[in-house]
Amino acid sequence: MPIEQQDDPPFDLPPNTESGAGTPGQAAPAHAQGSISQRALAKRPMSSSAAPYLDALNPEQRAAVEALEGPVLVLAGAGTGKTRVLTTRIAHILETGRAYPSQILAVTFTNKAAREMKERVERFVGSSVEGMPWLGTFHSIGVKILRRHAELVGLKQGFTILDVDDQLRLMKQVIEAEGLDKDRWPARQLAAYIDRWKNRGLTPEKVPAGEAHAFAGGKGRELYAAYQRRLKELNAADFGDLLLESLRLFMENPDILAQYHNRFRYILVDEYQDTNVAQYLWLRLLAQGSEKPNICCVGDDDQSIYGWRGAEVDNILRFEQDFPGATVIRLERNYRSTAHILATASHLITANENRLGKTLFTDGAAGNKVTVTGLWDDVEEARTVTDNIEALSKQGHQLNEIAILVRASFQMRVLEDRFVTTGLPYRVIGGPRFYERAEIKDAIAYLEVTANPANDLKFERIINVPKRGLGDTSVKRVRELARASEIPLFAAAQSIIETEELSGKARRSLSDLVGQFERWRANAATMPHTELAKLILDESGYTQMWQADKSPQAQSRLENLKELVHFMDDFDTLQGFLEHVSLVMDIDNASDGDRVSIMTLHAAKGLEFDTVFLTGWEEGVFPSQRTLDESGQAGLEEERRLAYVGITRAKVSAHISFTQNRRNRGLYQSAIPSRFVDELPEAHVEVVEAKTPFGGAYQNFGGRFGGNPYGASRFDEAPAAFQSSYATPGWQRAQKQWQSDSTTPPRRRAAPRTIEGELVASSTSESSFEMGERVFHQKFGYGRISEIDGNKLTIDFEKSGRKRVVDSFVERH
DNA sequence: AGTGAAACTATTTTT
DNA sequence: TAGTTTCACT
């Protein structure tokens, strides 16, 4: 395959400053007159007053757009016009002739953000400007760079990109090849380690000795190295590699790096608070080209919510040290929310220690206070929310402007049930994504193997789907042959069917499959790719497999397949389509009709709605107990940022609710209100009484939450927490009382809900326990420690078997 | 190789 | 509770 030649001409042109275009208001460089974009630019009147886009900005935004020289950090609070600044800045760079579109590197995290930015820049500069080639996600830019220099990192130009399934399948093979028990050492866990290392920019040899022993009793690093070797053999890269390998490329090849230094005159980074170490290093390397790099990072430390994915808030907190002489601009004027909402969010977030500090303000109306409602259980909560939504709907509100934000997806079920019974239209955002569905992955695997016979992992995925009598043993034989003669699996299949190695049935079956692929490949040259896809799905028996399936989802799977073929129409070639799906895991959610949106807080980042319902503000749910256990104080702060993100999604009203009981995994658990509820500012919050389902308000306990209808009879002492005024420092006391209260109904006792000193400390440091030590656990009884991983212990309990627990839950014995 | 029943395990998830 | 995965059996 030829090296891609789609590259833009300006790459080799001399820097445009030489033609004197360094200041605003000058015409585009003359030498570029051949390029459409430059001709378009040249036609534009170039006086600086002819930059109406600047007049539309407030002073801070304008400063952020005009500070083009040197490093700039824009701290853009929620709803302060971040995207606008970013796009205007790009437009401004282009308009003033400081750089060609191809000389601007602009990175985002999501495809959605990249698409949006591209569209907005085009609208600014005029559609005649060719799209910016280096505007994209970290990953897509990583691929682009790697494809050009693949051989330098041990890959070939046409390398494939692994998805999560492929990755796991490969890791399983690596684990087994090392002679390890795949049950004792799950591939998922190894994948998690490797992912974390890659996020931190660590190649196998750089994994710290202490951590190298993290997996399989000291084989972590070896397995990581073996996995990387296998990737190279397969000519494949996983997601982490797209960044890590381009990072390595730059570090090992200063001449290549210099080319990019030369090229990128301006670097812009969106959502800087979400960058991980690898991305940070990558950016630093690219910015190193000059003493005062023109790098502009836009972000909001208060909206950093992907720490668990490797994001380092520290990157943004440290910006000024990293780039001395940086200009820091704060955008604090909020255009989205009313004053009460803004004040509530701002006040809540001040409880965080680790932040740069911003105070959002608005000139807009005070609006309504944020409401807080305490409810009996999740069912009542769902009913209350839908009742409210129905009322809003009757008043003429758009359902599209209403969202329900939850911490975790398990909270969605009750809500969905309620929407279904009431018949209110809703949509779940996030959810299982199109390209993650099994049938889509299978179909893509068929297409991929057709296009690329050397893609072993995809071939393995569908070799026996639909079932064609090629079981584990047969596949194993093929794989052994492939490994022994160092050829791709498909080639091994081709040769093995010439031998007597396989049983008659398997041999015939595999021979048929190989023949089919050969035929499809022959067709690929002549047939449109959508036709080919239909043919493949049909002839392989894949469509038929689902037609014969009597499960209720079979129908929708078939529809998904149709949609996939339809979607392929948007691409010119099969190759182009495959490259796209490997990077873009989602299909654009067409917003059809007027519906309420239900989504997680994470999915809500960047969106806005008139009315937002924030449900499930209970300790353990939100903040999530698991985050607290795993990340202690830092985790708590991240949860609080999540609350901040949630509240700031609302334009005109925000409604917070919590329940005393919530069903999770089949059983009810009692809950106490989230500490975040207590942290809300009295002056901007209104406590709303819950209505009973039987009509009328019920007796008020004198508490801020209006008590509850069942309290007197069913919770004689227990609801102490509910009775206290939540503003008092008594929550802790009340919570303790609640937990220790022996009259609490006989349901599962909630796990400790605080993050105490020792737990926080132990999450980062090594556990004080030792291997083989005998310990006692409240729930599981006595046992011996068989593995230690940070503060997590694997213990063989005498009665309950092997479990993984956090060390603070066990005591020495 | 393919079936059915027991067993296990559950956040958040930009790419 | 529900979904998946493993295991034992045919």
Side-chain angles (χ1 to χ4, degrees), chain A residues 107-115 136-143 161-164 167 182-183 186 188 192 195 198-199 237-244 270-271 273-276 278-279 303-311 405-414 417 429-433 435-436 438 464 466-475 503 505-506 509 551 553 580-586 599-607 616 620-631 635 638-639 641-642 645-646 662-669 800-804:
Chain A
V107 275
T108 64
F109 276 85
T110 63
N111 291 301
K112 197 173 152 222
R115 212 181 311 129
T137 62
F138 276 101
H139 296 267
S140 66
I141 289 171
V143 181
I161 299 162
L162 264 53
D163 65 21
V164 186
Q167 223 179 93
K182 66 169 167 46
D183 295 323
R188 304 189 126 274
D195 200 47
K198 287 187 174 176
N199 281 158
D238 66 17
F239 269 106
D241 283 344
L242 301 182
L243 260 155
L244 187 65
D270 189 20
E271 307 277 17
Q273 77 282 351
D274 288 335
T275 49
N276 62 33
Q279 287 156 339
Q303 292 187 67
S304 166
I305 55 174
Y306 283 102
W308 50 274
R309 268 305 242 131
L405 310 184
V406 299
R407 173 65 243 263
S409 39
F410 77 82
Q411 297 168 254
M412 290 182 183
R413 178 166 288 136
V414 224
D417 283 352
I429 298 192
R433 282 176 295 171
Y435 291 117
E436 266 161 36
N464 199 29
K467 300 246 183 321
R468 45 173 74 89
L470 292 164
D472 285 346
T473 41
S474 312
V475 175
S503 71
K505 206 176 92 190
S509 181
S551 73
Q553 309 100 331
H580 174 85
V581 293
S582 62
L583 282 173
V584 179
M585 293 301 285
D586 217 349
M599 68 188 95
T600 64
L601 288 161
H602 284 91
K605 193 169 82 157
L607 305 178
V621 175
F622 186 42
S624 144
Q625 189 56 44
R626 188 148 162 194
T627 301
L628 261 34
D629 290 346
E630 283 173 3
S631 314
E638 182 156 313
E639 294 285 305
R641 292 194 290 266
L642 215 37
V645 167
R662 183 171 297 274
R663 203 157 64 143
N664 183 11
R665 294 185 222 157
L667 39 95
Y668 272 99
Q669 267 192 265
S800 351
R802 172 169 293 192
K803 303 263 189 244
R804 228 166 115 80

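From a predicted model like this one, the values you see are computed outputs, not experimental measurements. Naming convention: chains lettered A, B, ... in sequence-line order (proteins, then strands); numbering from 1 in each chain.
When DNA chain C is scanned in the 5' to 3' direction for atoms under 4.0 Å from non-hydrogen atoms of chain A, the outermost contacting nucleotides are C:dT1 to C:dA2.
Using a 4.0 Å heavy-atom distance criterion, A:D274 is classed as a base contact. Residue contacts shown for A:T473 are limited to sugar-phosphate atoms, with no base heavy atom under 4.0 Å away. A:K605 comes within contact range of no nucleotide atom at all, as no heavy-atom separation falls under 4.0 Å. Nucleic acid contact for A:L470: sugar-phosphate only, since backbone atoms but no base atoms lie under 4.0 Å from a heavy atom of the residue.
For B:dT14, neither phosphate oxygen OP1 nor OP2 lies less than 4.0 angstrom from any side-chain nitrogen or oxygen of A:N111. Listed pair A:T600 / B:dT11 fails the phosphate criterion, with no side-chain N or O lying under 4.0 Å from OP1 or OP2. Regarding contacts with the backbone of B:dA1, a side-chain N or O of A:S474 is found under 4.0 angstrom from either OP1 or OP2.
Among the nucleotides B:dT14, B:dG2, B:dT11, the one closest to the side chain of A:T110 is B:dT14. With B:dT15, B:dA1, B:dA10 as the choices, the nucleotide that has an atom nearest any side-chain atom of A:K505 turns out to be B:dA1. You'll find that the side chain of A:F239 is closest to B:dT15, out of B:dT15, B:dT13, B:dT11. The side chain of A:L583 lies closest to B:dT15, out of B:dT15, B:dG2, B:dT13.
Between the base of B:dT11 and the side chain of A:R407 there is no donor-acceptor pair shorter than 3.5 Å. Checked by distance alone, A:R188 brings no side-chain donor or acceptor within 3.5 Å of a matching partner on the base of B:dT9.
Here the C1' atom of nucleotide B:dT14 and the CD atom of A:Q273 are 11 Å apart, to the nearest Å. Between A:Q279 atom CD and B:dT14 atom P the separation is 14 Å, expressed in whole Å. When rounded to the nearest whole Å, the span between NE2 of A:H139 and C1' of B:dT14 equals 8 Å. Nucleotide B:dT15 holds its P atom 10 Å from the NE2 atom of A:H580, rounded to whole Å. Atom CG in A:N664 sits about 16 Å away from atom P in B:dT9, given to the nearest Å. Distance CZ (A:R309) to C1' (B:dT13): 6 Å, rounded to an integer number of Å. At whole-Å resolution of the value, CZ in A:F138 and P in B:dT13 are 20 Å apart. Here B:dT15 presents its C1' atom at 10 Å from CD1 of A:I161, a figure rounded to the nearest Å.
Across the interface with DNA chain B, nearest-nucleotide mapping of A:R626 and A:K467 shows A:K467 to be the residue nearer the 5′ end. Along DNA chain B, the nucleotide closest to A:E638 and the one closest to A:N464 are compared, and the more 5′ of them pairs with A:N464.
Heavy-atom minimum distance, A:N276 versus A:G310: CB-O, 3.0 Å.
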Step by step, work out the side chain to side chain contact (heavy atoms under 4.5 Å, CB included) result for A:I161 and A:V143.
CA-CA 9 Å; A:I161 299 162; A:V143 181; 4.0 Å; yes
With side chain to side chain contact (heavy atoms under 4.5 Å, CB included) as the criterion, how do A:D241 and A:K198 come out once you've worked through the C-alpha distance, each side chain's angles and the decisive distance to 0.1 Å?
CA-CA 7 Å; A:D241 283 344; A:K198 287 187 174 176; 2.8 Å; yes
What do the steps show when you test A:D195 against A:R309 for side chain to side chain contact (heavy atoms under 4.5 Å, CB included), and what is the final call?
CA-CA 9 Å; A:D195 200 47; A:R309 268 305 242 131; 3.6 Å; yes
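Within the 4.5 Å cutoff, the side chain of A:L583 has heavy atoms near those of the A:L242 side chain. A:F622 has its side chain within reach of A:L601: a pair of non-hydrogen atoms, C-beta onward, lies under 4.5 Å apart. Side chains of A:M599 and A:L405 form a contact here, defined as non-hydrogen atoms less than 4.5 Å apart. Counting heavy atoms from C-beta outward, A:T110 and A:K605 have side chains that stay 4.5 Å or more apart.
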